[in-house]
Amino acid sequence: MAISHALPHRVQWSLALGTIAIAGAAHAAMPAGNAPAGLRPNIVFILIDDAGFSDLGSYGSEIQTPNLDQIAKSGVRFTNFHTASTCESSRAMLHTGVDHHRAGAGTLKVVMADNQKDQPGYEGYLSDKAHSLGRLLRDGGYATYFAGKWNLGDGVERSPGAKGWDRYISLEQTGADNYEAKVYAPLNMEAVWWEDGKRAQLPLDFFSTRHYVDKVIQYIDEGKGSNKPFFATLALQAVHSPLQAPEVDIDKYKDRYTAGWEKIRGERYQRQVQMGLMPAGLKLPESVRATRWNGLSEADQKIYAKKMAVFAGMLDNADQHIGRLRAHLKSTGRLDSTVFIVMSDNGADAYELNKLNLPFKLWYQANFALGIEKLGQKGSYVHYGQDWAEVSNTPLSSFKGTSAEGGMRVPFIISYPQRIRPGGLTDQFAYATDFLPTVLDIAGIALPGDEYRGEKLMRPTGTSMLPYLEGLADAIHPAGYSVGFEGTGADMLYRDGYKITRNGPPASDNKWRLYNVRTDPTESRDLRDTEPERFKSMLAEYQNYMQKNGVIKPSAGYDPLRQLLKNNWPVLVRQMAGVLTVAALLLLAVVAGLVFGVRRWRRRGQLPA
């Protein structure tokens, strides 16, 4: 959505269904350096996992997210905020303020190409050469709390406590079961949580979202005596697979998705147009392997409607617990002095791992309930599939793991009523590296440079969004500003509303394309041939980005899905050892029975010698 460039401050303020564009008033800026604690707000950062651009109610969804919508109503929604296309890389940028290759998370570890392994920038944990958000906030006078998915290093020596977080419970890996300490995929031998320097033991009634919110509340309450403002990260497992939720939340949506994905997607887009999130008249893109709802059997329609109901129930449940946190802050007199920042780590995920290949199919059949009756319950595995993921990303193209808008453009909300006028909507481009400078600006902590307390560290490259949001700047980034990205074989460079992008298999054909994503957010019109000079200039700038950030492209023929199996087959074999042993014994028993039978028949003269 383009907002008039004539305005000195391009934030649109929404009232009911109408919108009124006004120039933002200049609010008093926070003093530079470390401001006194009494002048600084608490900050709650809510990081949702794998939510698509349209999954929140405030972004057009039918899913009930009233508490997140209230945060949006009291804040500003971004329609052009981008992250990396995978969780590990996004989180590295959020925590360091530098490109993910420089931060140690050049690609998702589980699909790392052979030529990237053991190379600088591909360590698979937060680089010791980068600044750490937790440490900067702690050193700047904040109490720092973390609860949820970490995914930025294995072992207690790479846990949040080593990066400046005072109190924490952290899931080490990219995901896990939501009801028990169980891996969700054959990528690890065990699911590992750390809490305050020790291996965490999960309670018998564990459910991930509830437990993480409980912990944030506990840390806040137990830290009251410090008289410090707090920064709390709530890094949810929702809505990463396995999709799981209490039955009461799933039942709310049991009949909602029987009309199919085309209808739900169209409804979401129309709401986005009404809200001013997207322009009218867009043709919704269709992925390469899209399936028509009416082409499914009745049984498959029931299964996929239930899977989407589980997804909706899980996000609805997360919203309820976020509401519980906000209610607690209100009851203790802290809500009005707390900034909320909400975002997803990347676009919606399209891959049903339980259908990926034969070894994965066998593993899921051996370890999870997959039938429709159990979907969403403890012990089940649910992923909602590519076509519902396309709904999540409405109206954008493609998915997590690609450099398309559906992989990288995400909902982003910031609520700070004391300094940012509520009810705003902006189409300004912002990127994951802008997060750390913005948080430090809100906290009144000076942005660090190339040296910190005697250490040579990488200066954050992002820009604070706060001056723009307060009306003190006309834009977040100046004209000509560019952002590059590479990950899992995908490439992208954004500059002045234009974007060059390339994706390999299975998403695309490895060809570069040029789009004006300001006017064409669905990436439907390739401008490479009509604007060759722009394309050439941006491609050269992308080459500079690669060199500057130590990007190592995967070798020719790289396919992330094949690499996933190659990288993880030793774990898969160990995970399947019991099943394979039983299968081998059964096979031996069958063979032995046949041999014994043949010999008996021969002895009886029933078969010729």
Side-chain angles (χ1 to χ4, degrees), residues 45-53 55 81-96 99-101 103-112 122-126 133 146-154 158-160 163 170-178 183-185 187-188 191-193 208-209 212 233-243 311 314-315 318 342-351 353 383 389 392-393 398-404 406-412 431-433 435-436 485-490 492 560-561 563-564 567-568:
F45 174 42
I46 301 170
L47 185 58
I48 307 171
D49 203 336
D50 287 358
F53 182 78
D55 278 330
F81 189 95
H82 289 70
T83 65
S85 67
T86 57
C87 49
E88 194 171 320
S89 298
S90 290
R91 290 161 201 264
M93 290 195 284
L94 294 171
H95 281 267
T96 65
D99 184 81
H100 60 106
H101 297 89
T107 193
L108 201 60
K109 274 195 304 183
V110 294
V111 295
M112 188 176 292
Y122 294 83
E123 293 87 355
Y125 56 82
L126 277 185
L133 178 64
F146 184 96
K149 173 176 162 178
W150 178 241
N151 196 205
L152 291 170
D154 297 343
R158 297 288 178 187
S159 69
K163 292 298 179 179
S170 61
L171 170 63
E172 185 174 275
Q173 294 103 344
T174 186
D177 194 277
N178 294 282
V183 297
Y184 80 100
L187 310 176
N188 306 97
V192 177
W193 282 261
S208 65
T209 301
Y212 297 151
T233 293
L234 178 61
L236 300 173
Q237 288 177 229
V239 277
H240 192 288
S241 65
L243 304 175
F311 177 93
M314 190 178 194
L315 186 54
V342 180
M343 64 176 288
S344 178
D345 61 345
N346 45 245
D349 178 32
Y351 298 114
L353 292 180
H383 186 286
S392 286
N393 285 335
S398 204
F399 314 100
K400 171 183 177 179
T402 75
S403 60
M408 300 183 68
R409 190 187 295 211
V410 299
F412 183 92
Y431 194 52
T433 49
F435 174 79
L436 181 143
F485 168 77
E486 185 280 334
T488 60
M492 185 279 294
L561 298 184
Q563 195 72 35
L564 179 70
N567 287 353
N568 296 283

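The shortest distance between side-chain heavy atoms of Phe399 and Tyr351 does not fall below 4.5 Å. Between Leu436 and Leu94, every side-chain heavy-atom pair lies at or beyond the 4.5 Å cut-off. Between Lys400 and Ser85, every side-chain heavy-atom pair lies at or beyond the 4.5 Å cut-off. Looking only at side-chain heavy atoms (C-beta outward), Tyr184 and Thr174 come within less than 4.5 Å of each other. Looking at Leu126 and Lys163, their side chains come closer than 4.5 Å, going by heavy atoms from C-beta outward. Side-chain contact check for Phe81 versus Met343: some heavy-atom pair is nearer than 4.5 Å.
Side-chain atoms of Gln237 and Tyr212 include a donor-acceptor pair closer than 3.5 Å.
Of all the heavy atoms in Ala84 and Phe485, the pair that sits closest is CB-CE1, 3.5 Å. Of all the heavy atoms in Thr83 and Ala432, the pair that sits closest is CA-CB, 4.2 Å. Met492 approaches Ser403 most closely through the heavy-atom pair CB-CB, 3.7 Å. Heavy atoms only, all atoms of each residue included: Met93 and Thr433 are closest at SD-CG2, 3.8 Å. Of all non-hydrogen atoms in Thr209 and Ala238, the two that sit nearest each other are OG1-CB, 4.1 Å.
Under a 4.0 Å N-O distance rule, the pair Lys109/Asp154 qualifies as a salt bridge.
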List the steps, then state whether side-chain contact (heavy atoms from CB on, under 4.5 Å) holds for Cys87 with Lys149. CA-CA 10 Å; Cys87 49; Lys149 173 176 162 178; 3.4 Å; yes

Would Asn151 and Gln173 count as a side-chain contact (heavy atoms from CB on, under 4.5 Å) if you check the C-alpha gap in whole Å, the side-chain angles of each, and the deciding distance to 0.1 Å? CA-CA 5 Å; Asn151 196 205; Gln173 294 103 344; 5.6 Å; no

Criterion side-chain contact (heavy atoms from CB on, under 4.5 Å) on Val239 and Asp49, from CA distance to verdict: CA-CA 5 Å; Val239 277; Asp49 203 336; over 6 Å; no

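With values rounded to the nearest 0.5 angstrom, Ser344 atom OG is found 10.5 Å from His240 atom NE2. Taken from CH2 in Trp193 to OG in Ser170, the straight-line distance is 10.5 Å, to the nearest 0.5 Å. Summarising the geometry, atom CG belonging to Asn567 is positioned 10.0 Å from atom CG belonging to Leu187; distances are rounded to the nearest 0.5 Å. Atom OG of Ser398 and atom CE of Met408 lie 12.0 Å apart (nearest 0.5 Å). In this structure, Ser90 OG and His82 NE2 are separated by 11.5 Å, a value rounded to the nearest 0.5 Å. Between the CG atom of Leu47 and the CG atom of Leu234 there is a distance of 9.0 Å, given to the nearest 0.5 Å.
Taking the centre of each ring, Tyr122 and His101 come in below the 6.0 Å mark. Ring pair His383/Phe311: centre-to-centre distance not below 6.0 Å. Checked against the 6.0 Å centroid threshold, Phe435 and Phe45 count as a close aromatic pair.
At distances below 3.5 Å, at least one donor-acceptor pair connects side-chain atoms of His100 with backbone N or O atoms of Glu486. Formation of a donor-acceptor pair under 3.5 Å by the Asp50 side chain with backbone atoms of Ala348 is not found in this model. Under a 3.5 Å cut-off, the side chain of Asp55 and the backbone N or O of Ala51 do not form any donor-acceptor pair. A donor-acceptor pair is defined here as one N or O able to donate and one able to accept, closer than 3.5 Å; such a pair exists between the side chain of Ser89 and the backbone of Ala105. With hydrogens and angles ignored, the 3.5 Å screen pairs no side-chain donor or acceptor of Thr233 with any backbone N or O of Ala235. Side chain of Glu88 to backbone of Leu108: no donor-acceptor contact under 3.5 angstrom is found.
The aromatic rings of Trp150 and His95 sit perpendicular, their planes meeting at an angle over 60°, well past the 30° parallel limit.
A side-chain hydrogen bond (donor to acceptor under 3.5 Å, both in side chains) with Arg91 is found for exactly one of Thr96, Asn346, Thr86, Asp345, namely Asp345.
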